> 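Input: one structure, supplied below.
This one's a predicted model, so the numbers in the text were calculated from it and none came from an experiment. Residue indices begin at 1 and follow the sequence shown.
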Amino acid sequence: MANEITVFRPLLAGLDLTGTVVTFDALHSRTAHARFLVEDKKAHYIAVIKGNQPLLHRQLKQMPWRDVPLLDKTRATAHGRDEIRRAKTATVARGLDFPHAAQAVQIVRRRRTISTDRVTLQRVYAATDLAAHQADAPEIAHHVREHWGIENKIHHVRDTTFTEDAYAHRDRTPGHGHAAQPGHRRPPPHRLRQHRRRPAQTQPRRHPTPDDPRHHLIRSDRSPQRRRPPG
């Protein structure tokens, strides 16, 4: 039986992804997928790393993020929540345990539920093959926000507006029929709402160079300098 992981490559195989930045959540943050995108499709990736990659997640989490300046901060209010996002990126001198990874990413999300005033804090880590001169913190954060926007633009519309989850719980169709029925029951979300394009930049973005003070270099925990005994 096919699942999201096994259809990743077949779904993208016929597409021209040269120079494209592909974002995916932790489910697809697998070494084979990263190699496929960079080596076969000549694309770039931003991979969210969570507990299903425990060693890499720990490596990212233990980096000295306090020493990395904050270079991107955004705020948005939607669906009854006020959310502030802070993003940091850094080049890792000794590399990450992920194919072609060039930068480590930390995004802190502070979310406040307006009706209850309840505040939650979430730290999300990611790896990308984009080097600092190719994408800085604001640009990487923008790609991640666009990825998270799928939940608001598509999933939220289906689940909340059209109560699709309620229908799914009542479906008892054998085989794959239950997965196909939502598309027949409701019109595609892109026909129900108009997507707004990001305004074109009037000035070209200047990415940090290795000697630019905005470019930050940190060493991973696998660095020999960290293993050297004191004295």
> Say you draw a straight line from CZ of Arg75 to CG of Asp82; how long is it, rounded to the nearest 0.5 Å?
4.0 Å
> In sequence, state the C-alpha distance, the side-chain angles, and the governing distance for Lys61 and Arg123, and then conclude on side chain to side chain contact (heavy atoms under 4.5 Å, CB included).
CA-CA 9 Å; Lys61 186 177 180 179; Arg123 286 179 173 83; over 6 Å; no
> Supply the atom-to-atom distance Gln103 CD to Ile46 CD1, rounded to the nearest 0.5 angstrom.
9.5 Å
> Please confirm whether the backbone N or O of Thr74 pairs with a side-chain atom of Asp72, one donor and one acceptor, at under 3.5 Å?
no
> Quick one: closest heavy-atom pair of Ile5 and His33, and the distance?
O-NE2, 3.6 Å
> At what distance, to the nearest 0.5 angstrom, does CZ of Arg110 lie from CD of Glu83?
11.0 Å
> Return the minimal non-hydrogen interatomic distance between Leu70 and Ala87, and the atom names on each side.
CD1-O, 3.5 Å
> Is it true that, when you exclude Arg30 itself, more than 12 heavy atoms of the residues, nucleotides or ligands shown sit nearer than 6.0 Å to its CZ?
no
> Can you tell me how far apart CD1 (Ile84) and CZ (Arg111) are? Round to the nearest 0.5 Å.
12.5 Å
> Ignoring hydrogens and geometry, is there a side-chain-to-backbone donor-acceptor pair from Gln53 to Ser29 under 3.5 Å?
yes
> Hey, could you give me the OH/CG distance between Tyr45 and Leu37, rounded to the nearest 0.5 Å?
9.0 Å
> Between Phe36 and Leu17, is there a shared hydrophobic cluster once you connect ILVMFWY residues whose side-chain heavy atoms come closer than 4.5 Å?
yes
> So which atom in Leu15 and which in Lys41 form the shortest heavy-atom distance, rounded to 0.1 Å?
O-NZ, 2.7 Å
> With side chain to side chain contact (heavy atoms under 4.5 Å, CB included) as the test, would you mind laying out the steps for Thr31 and Phe98 before giving the verdict?
CA-CA 6 Å; Thr31 57; Phe98 204 71; 4.3 Å; yes
> Just do the side chain to side chain contact (heavy atoms under 4.5 Å, CB included) check on Glu146 and Thr23 with the steps written out, would you?
CA-CA 9 Å; Glu146 288 290 295; Thr23 62; over 6 Å; no
> Evaluate the side-chain proximity of Gln134 to Thr128: yes if any heavy-atom separation is below 4.5 Å, no if none is.
no
> Of all heavy-atom pairs between Ala43 and Asp129, which one has the smallest distance, and what is that distance?
O-OD2, 3.9 Å
> Rounded to the nearest 0.5 Å, what separation is found between the CE atom of Met63 and the NZ atom of Lys88?
13.5 Å
> Considering all heavy atoms of both residues, which atom of Leu130 and which atom of Ala102 are nearest to each other, and what is their separation?
O-CB, 3.9 Å
> Are Val105 and Val144 side-chain neighbours, meaning at least one heavy-atom pair lies under 4.5 Å?
no
> Would you say the side chain of Glu139 lies within less than 4.5 Å of the side chain of Val21, judging by non-hydrogen atoms?
no
> Does the side chain of Leu121 reach to within under 4.5 Å of the side chain of Val108, using non-hydrogen atoms?
yes
> Identify the two heavy atoms, one from Ile49 and one from His57, that lie closest to each other, and give their separation to 0.1 Å.
O-CD2, 3.3 Å
> Do the side chain of Lys50 and the main chain of Ala26 share a donor and acceptor less than 3.5 angstrom apart?
no
